Amino acid sequence: MITLALSKGRIFEETLPLLRAAGIEVLDDPEKSRKLILATNQPEVRVLVVRATDVPTYVQYGGADLGITGKDTLLEHAAEWGGSIGAAGLYQPLDLGIAKCRISVAVRADFDYASAVKQGSRLQVATKYVSIAREFFAAKGVHVDLIKLYGSMELAPLVGLADAIVDLVSTGNTLKANHLVEVEHIMDISSRLVVNQAALKLKQAPIRKIIDAFAAAIAK
Ligand code: PRT
Ligand code: MG
């Protein structure tokens, strides 16, 4: 059996065409079904529906052989393992180029970020991406207090919880709707295929087949 961990929503939707290219059709719609293990047209392939942030954990511990996860999530997970995905027993063979966005610093439109940085002020920064944020501001030499949040980061500057946020931005509509502006582009994000290193050895042929089919599909 080959088990693939996916999160609902954009990653699931954007993975379906890649699965199809590998000859795999998922037989249930995770938005409609309450099942957490979805069968596919291939009796030897199944899909687990997990929280986006849990995908690397499932793959690391062998609950799934493969998974698809955002670079954001992967970097934060790797940071818990000394910054290396290899140390977490993960192998990252492919950038799938799906669920693209960027990770940015944003502030209230009336906050003078440039002056605050220039003056060497200590910034309060709210984020789910504590490792990415810590590394970014350390490299810039900006002193920050990081405030860990699990969602709706955009709210923090509006209620005085933080001066700035580090969050994912795609269209920019969420920032705009909350009167926030992007002041730094930290990095581009896309989703990656991750594979359990031990599974790759034990189930080499079927896993390679999936990796190769995904690679061929994204090269088109
Ligand atoms: O929702 P849950 O807490 O379970 O987990 P999650 O939010 O991590 O999952 P999900 O499915 O929302 O996101 C999974 C992955 O999709 C992320 O890890 C990213 O790699 C990728 N992705 C791509 C995005 C976005 N684009 C995105 N725009 N993830 C989140 N957003 C959010 C962003 O956080 C912000 O709140 O959308 C909002 C901004 O969108 P715009 O278009 O208004 O700029
Ligand atoms: Mg979400």
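In this text, all values refer to a predicted model and were calculated from it rather than measured experimentally. In listed order, ligands and their atoms are each counted from 1.
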Checklist entry - Do any heavy atoms of C101 fall under 4.0 Å from ligand 1? => result yes
Next on the checklist: Does ligand 1 come near enough to S7 that some N or O of the ligand is less than 3.5 Å from an N or O of the residue?
Outcome noted: no
Checklist outcome for this item: Numbered in order shown, the ligand 1 atoms found under 4.0 Å of a heavy atom of I189 are 20 (O)
Item to check | Residue-ligand contact E154/ligand 1, heavy atom below 4.0 Å | outcome: yes
Checklist entry - What heavy-atom pair brings L175 and E154 nearest, and what distance separates the two atoms? => result CD2-CG, 4.3 Å
Checklist entry - Ignoring hydrogens and geometry, is there a side-chain-to-backbone donor-acceptor pair from E76 to I132 under 3.5 Å? => result yes
Next on the checklist: How close do I37 and R46 get, counting heavy atoms only, and between which atoms?
Outcome noted: CG2-CD, 3.9 Å
Checklist entry - Which ligand 1 atoms does G70 reach within 4.0 Å, using its non-hydrogen atoms? => result 20 (O)
Checklist entry - So, is R10 polar-close to ligand 1, with some N/O to N/O distance under 3.5 Å? => result yes
Next on the checklist: Using a 4.5 Å cut-off between side-chain heavy atoms of Ile, Leu, Val, Met, Phe, Trp and Tyr, which other residues end up in the same hydrophobic cluster as Y61?
Outcome noted: W81
Checklist entry - T73 heavy atoms, cut-off 4.0 Å: which ligand 1 atoms fall inside? => result 18 (O)
Checklist outcome for this item: ligand 1 atoms nearer than 4.0 angstrom to some heavy atom of N173 are 43 (O), 44 (O)
Checklist entry - Quick one: which of I211, L4, D65 gives a side-chain contact (heavy atoms from CB on, under 4.5 Å) with V195? => result I211
Checklist entry - Judging by distance only, is a nitrogen or oxygen of R51 under 3.5 angstrom from one on ligand 1? => result yes
Checklist entry - Under a 4.0 Å heavy-atom limit, does K71 contact ligand 1 with its side chain, its backbone, both, or neither? => result neither
Please list every donor-acceptor pair under 3.5 Å in which a side-chain atom of residues 179-186 meets a protein atom from a residue at least two apart or in another chain.
residue	atom	partner	partner atom	Å
E182	OE1	R102	NH2	2.9
E182	OE2	R102	NE	2.7
E182	OE2	S104	OG	2.6
E184	OE2	Y113	OH	2.7
E184	OE2	K140	NZ	2.9
H185	NE2	D188	OD1	3.0

Item to check | Selection from V50, T69, I11 by shortest heavy-atom distance to atom 15 (C) of ligand 1 | outcome: I11
Item to check | Contacting atoms of ligand 1, where contact means under 4.0 angstrom from a heavy atom of T171 | outcome: 41 (P), 42 (O), 43 (O), 44 (O)
Checklist outcome for this item: Taking only non-hydrogen atoms of T174 and a 4.0 Å limit, the atoms of ligand 1 in range are 38 (C), 39 (C), 40 (O), 41 (P), 43 (O)
Checklist entry - Which ligand 1 atoms are under 4.0 Å away from a heavy-atom of L168? => result 17 (C), 19 (C), 24 (C), 29 (N), 30 (C), 33 (C), 34 (O), 35 (C), 39 (C)
Checklist entry - Does some non-hydrogen atom of G172 fall short of 4.0 Å from ligand 1? => result yes
Checklist entry - So is there a nitrogen or oxygen of A52 less than 3.5 Å from a nitrogen or oxygen in ligand 1? => result no
Checklist entry - Against heavy atoms of D167, which atoms of ligand 1 measure under 4.0 Å? => result 34 (O), 35 (C), 36 (O)
Checklist entry - When you check the side-chain N and O atoms of D145 and Q124, is any donor under 3.5 Å from an acceptor? => result yes
Checklist entry - Quick one: do L6 and I218 end up in the same hydrophobic cluster if we chain Ile, Leu, Val, Met, Phe, Trp and Tyr together by side-chain heavy atoms under 4.5 Å apart? => result yes
Next on the checklist: Using a 4.0 Å heavy-atom cut-off, which part of K128 comes near ligand 1: side chain, backbone, both, or neither?
Outcome noted: side chain
Checklist entry - For ligand 1, which part of K8 has a heavy atom less than 4.0 Å away: the side chain, the backbone, both, or neither? => result backbone
